[in-house]
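See below for the structure under consideration.
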Amino acid sequence: VQLQASGGGLVQAGLSLRLSCAVSGLTFSRYKMGWFRQAPGKEREFVARISTNGGNTYYADSVKGRFTISRDNAKNTVYLQMNSVKPEDTAVYYCAAGNIYARSSVLEYDYWGQGTLVTVSS
């Protein structure tokens, strides 16, 4: 199983960035997908999750209204559109795959990507 996250980089505050995560080695459409992030010196935290068919999404309060998670089951890819980014969004962003019961805990996700670094400058 491989989850390959991409799209990170340096971005100015207020602008946008789109992360992608290409998944292989599992039946993508059967897995709930999530995005997490980890800032330096902090624990990994939940950002967003999406149901298997994309019909349901859920966000951390800190990103609600600014970030959008989506998925394309035909391409085995999950996305995170990040708008109006803030310096506090700076972190390594990880995509993760979990079963249909996965919610917001890192323990509920079975497979993880390697992470992509997002740095937001003020």
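We use all heavy atoms of the structure for the numbers below, so side chains are in, but hydrogens, waters and symmetry mates are not. Numbers for residues simply follow the sequence, beginning at 1.
To the nearest 0.5 Å, the span separating OH on Y93 from CG on L80 amounts to 7.5 Å. The CG atom of L19 sits 8.0 Å away from atom CZ of F67, with the distance rounded to the nearest 0.5 Å. Here the straight-line distance linking atom SG of C21 with atom CG of N76 works out to 10.5 Å at 0.5 Å rounding. A distance of 10.5 Å separates NZ of K32 from CG of N53, quoted to the nearest 0.5 Å. The OG1 atom of T27 lies 4.5 Å from the CZ atom of R30; values are rounded to the nearest 0.5 Å. Between atom CZ of residue F36 and atom OG of residue S104 there is a gap of 6.5 Å, rounded to the nearest 0.5 Å.
V23 is not connected to W112 by any chain of hydrophobic side-chain contacts under 4.5 Å among Ile, Leu, Val, Met, Phe, Trp and Tyr, and they are in different clusters. Hydrophobic clustering of Ile, Leu, Val, Met, Phe, Trp and Tyr side chains at less than 4.5 Å, counting indirect connections, unites V63 with L17. Follow the hydrophobic side-chain contacts under 4.5 Å out from Y59 and you reach I50 in the same cluster.
Between K64 and D61 a salt bridge is recorded (basic side-chain N to carboxylate O distance below 4.0 Å).
One N or O on the side chain of R66 and one on the backbone of S62 form a donor-acceptor pair closer than 3.5 Å. The main-chain N or O of A5 is never found under 3.5 Å from a side-chain atom of Y94 such that the two would form a donor-acceptor pair. Looking only at distances, no side-chain donor or acceptor of Q114 sits under 3.5 Å from a matching main-chain atom of Q4.
With a 6.0 Å cutoff to the six-membered ring centre and a 45° limit on the axis angle, R71 counts as a cation-pi contact of F28. Geometrically, R103 does not engage Y58 in a cation-pi contact, judged by NZ or CZ lying under 6.0 Å from the ring centre and within 45° of the ring axis.
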> Is there a side-chain contact (heavy atoms from CB on, under 4.5 Å) between V106 and F46 once you walk through the steps?
Replying inline: CA-CA 7 Å; V106 297; F46 169 78; over 6 Å; no
> What's the verdict on side-chain contact (heavy atoms from CB on, under 4.5 Å) for D89 and V118, showing C-alpha distance, side-chain angles and the deciding distance?
Replying inline: CA-CA 8 Å; D89 294 323; V118 173; 5.6 Å; no
>> Please determine whether side-chain contact (heavy atoms from CB on, under 4.5 Å) holds for the pair T116 and S6, giving the CA-CA distance in whole Å, both sets of side-chain angles, and the decisive distance to 0.1 Å.
In response: CA-CA 6 Å; T116 185; S6 61; 5.5 Å; no
> Can you check side-chain contact (heavy atoms from CB on, under 4.5 Å) on L3 and M33, steps first, answer last?
Replying inline: CA-CA 11 Å; L3 287 75; M33 297 300 298; 4.1 Å; yes
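Contact detail for A39 and A91: the closest heavy-atom pair is N-CB, 3.8 Å. The two residues G34 and Y109 have their closest heavy-atom pair at N-CE2, 3.8 Å. The two residues N99 and Y101 make their nearest non-hydrogen contact at OD1-N, 2.8 Å. When all heavy atoms of W35 and S20 are compared, the closest pair comes out as CH2-O, 3.7 Å. Closest non-hydrogen pair, T90 versus V120, comes out as OG1-N, 2.9 Å.
By the neighbour-count criterion of 12 heavy atoms within 6.0 Å, atom CD of Q2 is sparsely surrounded, having that number or fewer from other residues, nucleotides or ligands.
Aromatic ring orientation, Y31 versus Y111: perpendicular (interplanar angle above 60°, classes split at 30° and 60°).
A side-chain contact (heavy atoms from CB on, under 4.5 Å) with S121 is found for one member of L10, V11, L15 and no other, namely L10.
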